[in-house]
2 protein chains.
Amino acid sequence: MDPAVVGRRVRALREEQGISLSTLARLAGVGKATLSGLEHGTRNPTLETLWAVTAQLGVPFTALLAEPAAEPTVHGTAVTATLLEVFTDTDATYELYRMRVAPGVTQLSPAHAPGVTEHVTVFAGVLRAGPTDAPLTAPAGGHLRWVSDVPHSYAAVGDEEVAASLLLRYPRR
Amino acid sequence: MDPAVVGRRVRALREEQGISLSTLARLAGVGKATLSGLEHGTRNPTLETLWAVTAQLGVPFTALLAEPAAEPTVHGTAVTATLLEVFTDTDATYELYRMRVAPGVTQLSPAHAPGVTEHVTVFAGVLRAGPTDAPLTAPAGGHLRWVSDVPHSYAAVGDEEVAASLLLRYPRR
DNA sequence: CGCTTCCGTTCCGTAAACGGAACAGTCGGG
DNA sequence: CCCGACTGTTCCGTTTACGGAACGGAAGCG
């Protein structure tokens, strides 16, 4: 595992909260040198150090550590989707995916069962997706929804890879 | 957090698999002294060490910390949110939560930083959420989006608990 | 009973993670 | 301009986590 990944996440989380490195170090009770080295990935932090920092950030270890291959991942020509959660309800079953769409390629997907809907929230990039004959477009922060009982497609608009969350809803028969 | 707890878990997991300390140390590529001290809680293990051991045990690292801080959950009067993923991008940082809203209570949430948006996809139940003075309503399968730099609220409509995914988008300053 | 082969712990020199202090760079005010 | 307060990085002495080796103890076998 790469300590640089953990470092980048810590830095991202810290900046997200608008806390300076100095302040976080003081609050967490660790040296500034320690925190600096941790964020750069040049150190191999101790459990105690990680604990102090994450506790102060109010973030669990889960947010720092990239999940090993425990998650099922679906690869396509353009789309890579990892299943985050399955939720079963009296009316429907939901599958929540983390989705990435590579630029330059369009992925076609056959029709699902009647009544199945897809809900996409775009994190980064611009996504064009939906029924193949009438696709929809959404930029970062946007949301798409369509009934996927017809052939549909996914494509990234422009050069940037698209990151998004994908929710599949299968109504109970 | 107590390193002795982590140690006991490692020992428990190891004995569960019927592997000796010496063998696990060799497989994981760490010293027997290191593993012995780790299991006794007399050491303060390094991220690298923990990683090597948990990887060899086939445990996703979260299992060690599962009980104490591993609850990334945020509890409120009505809402329980579990952090599934943090995604950092050049333009914004995203936090994806699994959210449950208990019926009968309304949860108020203070304003976030300017530009922060919330995106909710409802799995089950009917959710009323958004700016406190102009809330939105969505049934199962529906989607809500609002700018959360004003006070906002969450409430379940009816008796059924609401299950949903919540995406928080923090634009880069 | 020796002898071998494991077990887990302890000892110890080395490598490195630790925090404090000193550092350059930036911003805002007098 | 100069100062103070702040940012994050680097230097450095102390502490300590590291792995190899040595240790006592428990089986298994001739």
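In what follows, chains carry the letters A, B, and so on, assigned in the order in which the sequence lines appear, proteins first and then strands, with residues in each chain numbered from 1.
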* side-chain N/O B:R43 vs D:dC18 OP1/OP2, d < 4.0 Å -> yes
* Asked: When we call it a touch if two heavy atoms are under 4.0 Å apart, what does B:R11 touch: a base, just sugar-phosphate, or nothing?
  -> sugar-phosphate
* To do: Spell out, as yes or no, whether a donor-acceptor pair under 3.5 Å connects the side chain of A:R100 to the backbone of A:T80.
  => no
* Rounding to a whole Å, what distance do you find between B:H40:NE2 and D:dC18:P? -> 15 Å
* So, is B:R14 near the phosphate of C:dG8, with a side-chain N or O under 4.0 Å from OP1 or OP2? -> yes
* Asked: Relative to the 5' end of DNA chain C, which residue comes earlier, B:S36 or A:T34, by the nucleotide with the nearest heavy atom?
  -> B:S36
* Asked: A:L21 CG to D:dT9 C1': how many Å, rounded?
  -> 9 Å
* Asked: Is there side-chain contact between B:V30 and B:E48, with heavy atoms separated by less than 4.5 Å?
  -> no
* How long is the span from the CG atom in B:L35 to the CD atom in B:Q56, to the nearest 0.5 Å? -> 11.0 Å
* Would you tell me if any nitrogen or oxygen in the side chain of B:T46 comes within less than 4.0 Å of OP1 or OP2 on D:dA17? => no
* Check the distance between D:dT16's P and A:E48's CD and give it to me in whole angstrom. => 10 Å
* Structure fact -> When every non-hydrogen atom of B:V122 is compared with those of B:A164, the smallest separation belongs to CA-CB, 3.8 Å
* Expressed in angstrom and rounded to an integer, what is the separation of A:L38 atom CG from C:dG19 atom C1'? -> 14 Å
* Asked: Using a cut-off of less than 4.0 Å, is there contact between a side-chain N or O of A:S20 and OP1 or OP2 of D:dG8?
  -> yes
* Asked: When you measure from the side chain of B:A33, which nucleotide among D:dC18, C:dC11, D:dT10 comes out closest?
  -> C:dC11
* Asked: So which heavy atom on B:R14 is nearest to which on B:L21, and how close?
  -> NH1-N, 3.0 Å
* Asked: Expressed in angstrom and rounded to an integer, what is the separation of A:W51 atom CH2 from C:dC18 atom P?
  -> 16 Å
* To do: Can you tell me the distance, in whole Å, between the CG atom of B:L50 and the C1' atom of D:dC18?
  => 14 Å
* Rounded distance (Å) that lies between atom P of C:dC11 and atom NZ of B:K32 -> 15 Å
* To do: Take the protein atom CG of A:N44 and the nucleotide atom C1' of C:dT14, then report the distance between them rounded to whole Å.
  => 16 Å
